[in-house]
Amino acid sequence: MPLAWFSLALLSCDTIFDIVPPKIKIIEPKEDTTYFNTLPVELTVTDNGKITKVEVFLDDASVHEFTREPYMTEIDLGGISASILRVVAYDRAGNWKDAERLISLSDKTVSKPNTPSGPNSGNTNTSYTYPPADAS
């Protein structure tokens with residue numbers, strides 16, 4: 001039997017008999033943290049073969065799809081109210097695995113405050129007043 005044919009046969013058997021689903025670890029979003037404007041998503045997905053697709057859902061709505069590493073993104077939460085992040089990973093053999101995390105989203109918008117205007121240095125034990133940047 002030629003070596004090339006034997007190697008091809010082993011490759012085919014590995015693909016046909018792969019019944020091991022991928023493993024998923026949700027790094028972000030973290031548990032017990034409230035998220036406001038964006039939701040960071042960071043995942044570790046491993047398999048004994050090749051990962052073909054990783055889908056991200058908020059409740060039942062698909063919000064992102066990965067086809068390769070790194071499995072990191074930020075999801076704009078504009079108008080989204082959800083309580084469960086669900087991740088589904090698929091491998092080349094058609095095996096799949098899902099993982100879920102309860103998340104806490106706030107409908108309050110967090111905005112960056114204005115930079116105050118005034119001196120950027122001073123004396124110890126001296127009080128300074130800084131009006132808002134947009135005040136005249």
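- Taking every heavy atom of both residues into account, Pro29 and Arg101 meet most closely at O-NH1, 2.6 Å.
- Leu105 contributes atom CG, which lies 8.5 Å from atom OG1 of Thr34 (distance to the nearest 0.5 angstrom).
- The minimum heavy-atom distance linking Ala89 with Pro22 is given by the pair O-CG, 3.7 Å.
- When all heavy atoms of Ile103 and Leu39 are compared, the closest pair comes out as CD1-CD2, 4.1 Å.
- In the hydrophobic cluster analysis, where Ile, Leu, Val, Met, Phe, Trp and Tyr join through side-chain heavy atoms closer than 4.5 angstrom, Val88 is grouped apart from Leu58.
- The side-chain contact (heavy atoms from CB on, under 4.5 Å) check on Glu28 picks up Lys30, Tyr35, Pro40, Glu42, with sequence neighbours excluded.
- Residues Leu43 and Ile26 meet the side-chain proximity criterion, which asks for heavy atoms closer than 4.5 Å.
- Summarising the geometry of Val45 relative to Tyr71, their closest heavy-atom pair is CB-CE1, 3.7 Å, with the distance given to 0.1 Å.
- Evaluation of the salt bridge (Lys or Arg N to Asp or Glu O under 4.0 Å) rule for Asp98 yields Arg86 as partners, not counting sequence neighbours.
- Every residue meeting the side-chain contact (heavy atoms from CB on, under 4.5 Å) condition with Lys53, not counting sequence neighbours, appears here in chain and number order: Glu55, Glu65, Tyr90.
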TODO: Go through the steps to decide whether Asp59 and Ser83 satisfy the test side chain to side chain contact (heavy atoms under 4.5 Å, CB included), and finish with yes or no.
DONE: CA-CA 6 Å; Asp59 288 342; Ser83 57; 3.5 Å; yes
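- With Asp47 as the fixed residue, the side-chain contact (heavy atoms from CB on, under 4.5 Å) test singles out one of Asn95, Ile24, Asp18, Thr52: Asp18.
- Ile84 is not listed as a side-chain neighbour of Phe57, based on a closest heavy-atom distance of 4.5 Å or more.
- Atoms OG1 and CD, from Thr38 and Glu74 in turn, are 4.0 Å apart once rounded to the nearest 0.5 Å.
- Note that CD1 of Ile51 and NZ of Lys23 are 11.0 Å apart. Values are rounded to the nearest 0.5 Å.
- Between Val63 and the choices Leu85, Ile75, Thr73, the side-chain contact (heavy atoms from CB on, under 4.5 Å) rule is met once, by Ile75.
- In this structure, CG on Asp91 lies 11.0 Å from CD1 on Ile19, to the nearest 0.5 angstrom.
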